[in-house]
Amino acid sequence: MEERIPDFIEYLSKVKNASESTIQSYRRDLKRLVAFLYGKGVEELTEVTPTILNSYILFLEREGFSTATVSRNVASIKAFFHYVVEYHMVNEDPARSIKAPHIDRKLPEIMTVSEVEQLLISPNLTTDKGIRDKAMLELLY
């Protein structure tokens with residue numbers, strides 16, 4: 001199973017034209033998955049089931065990984081199993097039914113009126129840059 005990761009990484013690089021950051025993240029995610037699977041006695045791709053993959057997702061959450069990291073791991077797993085199915089290394093995709101956790105989006109913080117007023121009076125109006133900065137701040141406001 002682990003021997004398939006370098007081929008998948010090459011596929012990401014050459015066929016999918018993935019960024020170096022994505023490649024490094026997927027490699028790390030898949031190595032973590034393989035270690036988990038070996039720890040569960042799963043040594044062949046054909047032995048991986050949706051239940052095992054879901055238990056891995058729960059493991060990541062219990063280990064304290066952020067929701068964004070768990071979601072990226074799900075994306076890595078789905079991409080990897082799509083690849084091994086596409087290239088006939090396994091017949092069925094055990095990752096097809098796994099779901100990424102919902103990522104909560106934070107609302108932006110809003111400045112108070114006094115903070116805005118303080119910001120608008122902060123440029124030094126005796127310089128050209130200060131006048132420019134004041135104009136930009138007022139335009140943004």
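- Here Asp133 contributes atom CG and Ser122 contributes atom OG; the two are 8.0 Å apart, rounded to the nearest 0.5 Å.
- In this structure, the side chains of Arg32 and Phe65 come closer than 4.5 Å at one or more pairs of heavy atoms.
- Cluster membership check: Leu33 shares its hydrophobic cluster with Tyr38, using side-chain heavy-atom separations under 4.5 Å among Ile, Leu, Val, Met, Phe, Trp and Tyr.
- Within the 4.5 Å cutoff, the side chain of Leu60 has no heavy atoms near those of the Thr69 side chain.
- Note: the hydrophobic cluster containing Val85 also contains Val15 (ILVMFWY, side chain heavy atoms under 4.5 Å, direct or indirect links).
- Annotation: side chain of Arg4 is in contact with side chain of Leu45 (closest heavy-atom distance under 4.5 Å).
- Counted within 6.0 Å of CD1 on Ile110, heavy atoms from surrounding residues, nucleotides or ligands total 12 or fewer; the atom is thus considered open.
- With values rounded to the nearest 0.5 angstrom, Lys40 atom NZ is found 8.5 Å from Phe59 atom CZ.
- Checked by atom type, the side-chain pair Ser19/Ser21 shows no donor-acceptor distance below 3.5 Å.
- Among Thr51, Leu53, Ile77, the one residue that satisfies the side chain to side chain contact (heavy atoms under 4.5 Å, CB included) test with Pro94 is Leu53.
- Considering only heavy atoms from C-beta on, Ser71 comes within 4.5 Å of Pro101 through its side chain.
- A side-chain hydrogen bond (donor to acceptor under 3.5 Å, both in side chains) with Arg72 is found for exactly one of Thr67, Asp29, Thr22, namely Asp29.
- For the pair Tyr26 and Phe80, the minimum side-chain heavy-atom distance is 4.5 Å or more.
- The neighbour count for Asn91 CG, taken as heavy atoms of other residues, nucleotides or ligands under 6.0 Å away, does not exceed 12.
- Taking 4.5 Å as the limit, some side-chain heavy atom of Met1 sits within range of a side-chain heavy atom of Leu37.
- Between Tyr56 and Ile52, every side-chain heavy-atom pair lies at or beyond the 4.5 Å cut-off.
- Remark: side-chain polar atoms of Lys134 are not paired, donor with acceptor, to backbone N or O of Pro123 under 3.5 angstrom.
- In this structure, Arg96 places its CZ atom where only 12 or fewer heavy-atom neighbours from other residues, nucleotides or ligands lie under 6.0 Å away.
- The 12-atom threshold is not exceeded at CD of Gln118, counting heavy atoms of other residues, nucleotides or ligands nearer than 6.0 Å.
- For the pair Glu47 (side chain) and Glu43 (backbone), a donor-acceptor distance under 3.5 Å is present.
- Checking side-chain atoms of Glu115 against main-chain N and O of Thr112 turns up a donor-acceptor pair under 3.5 Å.
- Counting heavy atoms from C-beta on, the side chains of Leu58 and Asn54 never come closer than 4.5 Å.
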